[in-house]
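Atoms within a ligand are numbered from 1 in the order they appear, just like the ligands themselves.
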Amino acid sequence: MSGTLVLVRHGQSEWNLKNLFTGWRDPGLTELGHEEAIDAGKRLKAKGLKFDIAYTSVLSRAQATLQHILEEVDQTGLETIRDQALNERDYGDLAGLNKDDARAKWGEEQVHIWRRSYDISPPGGESLRDTGARVWPYYLHEVQPHVLRGETVLVAAHGNSLRALIMALDGLTGEEIVAQELATGVPIIYKLNADSTVASKEVLEG
Ligand SMILES: O=C(O)[C@@H](CO)OP(=O)(O)O
């Protein structure tokens, strides 16, 4: 056994609440989103986890979520790396549009394909495969070495950047990832083996 990797999607954002495609746009957390992030921190604290390093995106909803967690685990001074490699999928021309309006315009099925398929990109944006092509190398080169050294690493990021990472960690196919949804503010704890494969996975639901 080597180290521990904790993944957490940010708490509810203003645009999650308004049902808008967000991508690389930068809305803040809602009141519920702040509460979800604090709650995630409390659950991680209850698990007795102490982090060695944290990673997040350059978007404020993920950074605010990370900050709340670090406050709850009494680690506000923790070394934190921010990198756009962990950003949400770039939603291209859909960013800022209402998801129901998009369904009315392009149809339920097409919008679901854009949102959840592996290799079909929304107009002007990234497919999950495109997102994975930046998330996975970043994970392999920057994040995973810490885990393999036996450290406990926290990654606060986004629904689709984390789906891309989970697809690789769990060995899911392009068909299987379609059904994978990530709740806001719910930490997932992975323990890795020394050969970097997954030893265990625990979803810290409230
Ligand atoms: O709008 C977005 O950027 C994402 C995450 O909120 O939405 P979706 O659920 O379509 O992946």
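- For Leu20, the heavy-atom gap to ligand 1 drops under 4.0 angstrom.
- The heavy-atom pair separating Thr22 from Tyr91 by the smallest distance is N-CD1, 4.3 Å.
- Remark: Lys47 NZ is loosely packed, at most 12 non-hydrogen atoms of other residues, nucleotides or ligands lying under 6.0 Å away.
- A donor-acceptor pair is defined here as one N or O able to donate and one able to accept, closer than 3.5 Å; such a pair exists between the side chain of Gln75 and the backbone of Phe51.
- Under the 4.0 angstrom criterion for non-hydrogen atoms, Gly159 is not in contact with ligand 1.
- Annotation: atom 6 (O) of ligand 1 to nearest protein heavy atom, Asn16 ND2, 3.0 Å.
- Following chains of ILVMFWY side-chain contacts shorter than 4.5 Å, one cannot reach Val8 starting from Val58, and the two form parts of different hydrophobic clusters.
- Side-chain contact between Gln180 and Ile166 is present, with heavy atoms from C-beta onward closer than 4.5 Å.
- Under the 4.0 angstrom criterion for non-hydrogen atoms, Arg9 is in contact with ligand 1.
- Nearest protein heavy-atom contact of atom 1 (O) of ligand 1 is Thr22 N, 2.8 Å.
- Using a 4.0 Å cut-off between heavy atoms, Arg116 contacts ligand 1 through its side chain alone, with no backbone atom that close.
- Summarising the contacts of atom 9 (O) of ligand 1 with Arg115, Arg61, His10, the nearest heavy atom is found in Arg115.
- Looking at Asn16 and Thr30, their side chains never come closer than 4.5 Å, going by heavy atoms from C-beta outward.
- Of all protein heavy atoms, the one lying nearest to atom 7 (O) of ligand 1 is Lys99 NZ, 2.9 Å.
- No donor-acceptor pair under 3.5 Å is formed between the side chain of Arg61 and the backbone N or O of Glu14.
- The single protein non-hydrogen atom nearest to atom 11 (O) of ligand 1 is Asn160 ND2, 2.7 Å, given as residue, atom name and distance.
- Here the heavy atom of the protein found nearest to atom 3 (O) of ligand 1 is Gly23 N, 2.8 Å.
- No part of Arg89 comes within 4.0 Å of ligand 1, judged by heavy-atom distances.
- Of all the heavy atoms of Trp15, none lies under 4.0 Å from any atom of ligand 1, so neither backbone nor side chain is involved.
- Interatomic distance, CG of Leu59 versus CG of Leu86, reported as 10.0 Å (0.5 Å rounding).
- The nearest protein atom to atom 5 (C) of ligand 1, hydrogens excluded, is given as Glu88 OE2, 3.2 Å; this is a heavy-atom distance.
- Ligand-side atoms of ligand 1 in range of Phe21: 1 (O), range being under 4.0 angstrom from any heavy atom.
- Using a 4.5 Å heavy-atom threshold, the side chains of Arg116 and Asn160 count as touching.
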